[in-house]
A.B. asks: 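I have a structure I would like to understand better, so I am pasting it below and will then ask my questions one at a time.
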Amino acid sequence: MSNKIRVRFAPSPTGYLHIGGVRTALFNYLFARKQGGAFVLRIEDTDTERSTEESIRAILDGMEWLGLDYDEEPVRQSSRNELYQEHIDRLLAEGKAYPCYCSKEELEERRKEALKEGRDPRYDGRCRGGVDPVPGREPAIRFKAPHTGTTVVHDLIRGPIEFDNSQMDDLIIRRSLGMQTYNLCVVVDDALMGMTHIIRGDDHLTNTPKQILLYEALGFKPPRYAHVPMILGSDKTRLSKRHGATSIMAYKEMGYLPEAMLNYLARLGWGCGDEEIFSLEELIEKFSLEGINKSPAVFNPEKLLWLNHHYIKNGDPKRLARLFHEMLVEKGVLDVPLGEDRQGYLEEVVKCQQEKRKTLVEMVEESTYFFRDEIEIDEKAGKKVLKAAARPILEKLKAKLSAQKAFTEEALETVFREIMEEEELKLGKIAQPLRVALTGGTVSPGIFELVSILGKETVLSRIDRAIDYMESRPDQS
RNA sequence: GGUCCCAUCGUCUAGUGGUUAGGACGCCGGCCUCUCACGCCGGUAACGCGGGUUCGAAUCCCGCUGGGAUCACCA
């Protein structure tokens, strides 16, 4: 086998793809790409009760959305039964594993009792020395773990960590129902798939010595380990739904860009001097396991939002227009997708919004007036801005703009300057009423951009409607 | 409870014996301005505690405290 680096991301398909999982996937990916090694995906679905096809789909979708491409076909543990069994048979034959006839219920009972009496809730080893088969009962298979000596995990992030083997439990490697368990499968797979480095969450740290022991019993050389610290919520407990969205796809739905997600997650627990902004390419170039921090990191939605804004602000309008379009349909602002001929329009809207909107969803919500025939004038905005004094301004605007052929920003600016001079008004006095007439609210892109993008026909008809609105609703002041 | 891990601004971090402890997010002020933003300028704020080691500790050692993880026929 070659000595090339090989790493894997090994999620269990028992729910959506969690952002913590995404970060460990990212670290594995970056490490592999940086080292010119392979990054593979392995679905750990040995728990048939909890694994679902839907969850597998979610994992694949998430990886695709983020652009974390893996090498080779994903491996599914559920299809590698015989392989695991062979190794269990070998352990059995060599006396390194043994059948255990204790039932699940009995074990549970003993655990509770031990806990109650303040003893360690570990397996008492009653079948370890060999027992007669219990008729009508399928045994589970346990690993006969050594109980003396120590096992050292040489962690690439934390250094050597020593575990006393007397703490080691005889873990079950095959269920009585037949399916093998996690610790056995991970070891067999990682060994046979030639994994050189295991980069995973530090919630796995304490079962690493068990796995090393299993490697040794099986005659395999253990890989190198790097346990990355967990992501915590604002209250410093493990990040969960209580802290807000934790599904990666929920962020897609909220209008986040994959590059913002990747950048944020990479910086969470990893740093490179004073830099904050990293493209995927830069991350690959600069990533190192040594740069990963030892302490857990609190997930900070504000900073993620800032990064997302950064990427929207600086993103390619063409690409953004495509994502924006999808979101417009998603959010029901558009009943049917716009045709090819409207791509330019979409892009114009994106260009005038990208600097001020932090998510695609926000961009959609603040751009509805670009896509509706009828706009509704906001109560407060109308009352505040469309007062009697605004009437002549709108009339004047209507007259001037009707006569105006070119609706370029430059030409419009000239028209507005003229009005300003003739009426002796500051731009704000003209722009605000028009803004409300055109958008229904007091907030929008710059007035010249807005008028230019909306176009003559729409602008004139909205001015008319605003005038009607003022007539039907004479103000008191 | 046993075992293991961790500890710099509110948060993410830089810092590896000698720094006015740096940057970023957030927050607060100002400037810019047709609204909202962007941008720019400035400000706020940290080495958990106690012992050592050393001429000198955020940095090294020990203890404490605090937080986290894990102890399944889950992964």
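So that the names make sense, note that chain A is the first sequence line, chain B the second, and so on, each numbered from 1. All values derive from a computational prediction rather than experimental measurement.
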A.B. asks: Between B/rC4, B/rC74, B/rU35, which nucleotide has the shortest distance from any of its atoms to the side chain of A/Arg50?
C.D. replies: B/rC74
A.B. asks: Is the ring pair A/His87/A/Phe220 parallel, tilted or perpendicular, if the boundaries are 30 and 60 degrees?
C.D. replies: tilted
A.B. asks: Does a side-chain N or O from A/Lys313 land closer than 4.0 Å to OP1 or OP2 of B/rG39, or not?
C.D. replies: yes
A.B. asks: Let's test your reading of the model: under 3.5 Å, does the base of B/rA7 pair with the side chain of A/Lys294 as donor and acceptor?
C.D. replies: no
A.B. asks: Quick one: does A/Leu394's side chain get under 4.5 Å of A/Leu386's, heavy atoms only?
C.D. replies: yes
A.B. asks: Take the angle between the ring planes of A/Trp306 and A/His310 and call it parallel below 30°, perpendicular above 60°, tilted in between.
C.D. replies: tilted
A.B. asks: Taking pairing as Watson-Crick or G-U wobble with both contacts under 3.5 Å, can you name the mate of B/rU59, or confirm there isn't one?
C.D. replies: none
A.B. asks: In whole angstrom, give me the gap between the P atoms of B/rC25 and B/rC38.
C.D. replies: 11 Å
A.B. asks: For A/Thr46 and B/rA75, is the shortest distance between a side-chain N/O and OP1 or OP2 below 4.0 Å?
C.D. replies: yes
A.B. asks: Would you indicate, yes or no, if B/rU13 has its OP1 or OP2 atom less than 4.0 angstrom from a side-chain nitrogen or oxygen of A/Asn293?
C.D. replies: yes
A.B. asks: Give a yes/no on whether any side-chain N or O of A/Lys236 is located under 4.0 angstrom from OP1 or OP2 of B/rU11.
C.D. replies: yes
A.B. asks: Counting Watson-Crick and G-U wobble pairs only, both distances under 3.5 Å, name the nucleotide matched with B/rU3, or none.
C.D. replies: B/rA69
A.B. asks: Grab the CD-P distance between A/Glu108 and B/rC73 for me, whole Å please.
C.D. replies: 8 Å
A.B. asks: Can you check whether any acceptor in the base of B/rA75 is under 3.5 Å from a donor in the side chain of A/Asn207, or vice versa?
C.D. replies: yes
A.B. asks: Just by distance, do the side chain of A/Asn293 and the backbone of A/Ser295 share a donor-acceptor pair under 3.5 Å?
C.D. replies: no
A.B. asks: Within the modelled atom types, does a donor on one side and an acceptor on the other bring the side chain of A/Asp120 and the base of B/rG2 under 3.5 Å apart?
C.D. replies: no
A.B. asks: Does the structure show a Watson-Crick or G-U wobble partner for B/rC34, both distances under 3.5 Å? Name it, or say none.
C.D. replies: none
A.B. asks: Counting C-beta onward and ignoring hydrogens, is there a side-chain heavy-atom pair between A/Lys210 and A/Asn165 closer than 4.5 Å?
C.D. replies: no
A.B. asks: Is there a side-chain contact between A/Arg267 and the phosphate of B/rG23, meaning an N or O under 4.0 Å from OP1 or OP2?
C.D. replies: no
A.B. asks: Could you say whether the aromatic ring of A/His309 and the base of B/rA37 stack, counting only centre distances under 5.5 Å and plane angles under 30°?
C.D. replies: no
A.B. asks: Looking at B/rC73, does its base get a donor-acceptor pair with the side chain of A/Arg142 below 3.5 Å?
C.D. replies: no
A.B. asks: When you measure from the side-chain N and O atoms of A/Arg175 to the phosphate of B/rA75, is any distance below 4.0 Å, counting only OP1 and OP2?
C.D. replies: yes
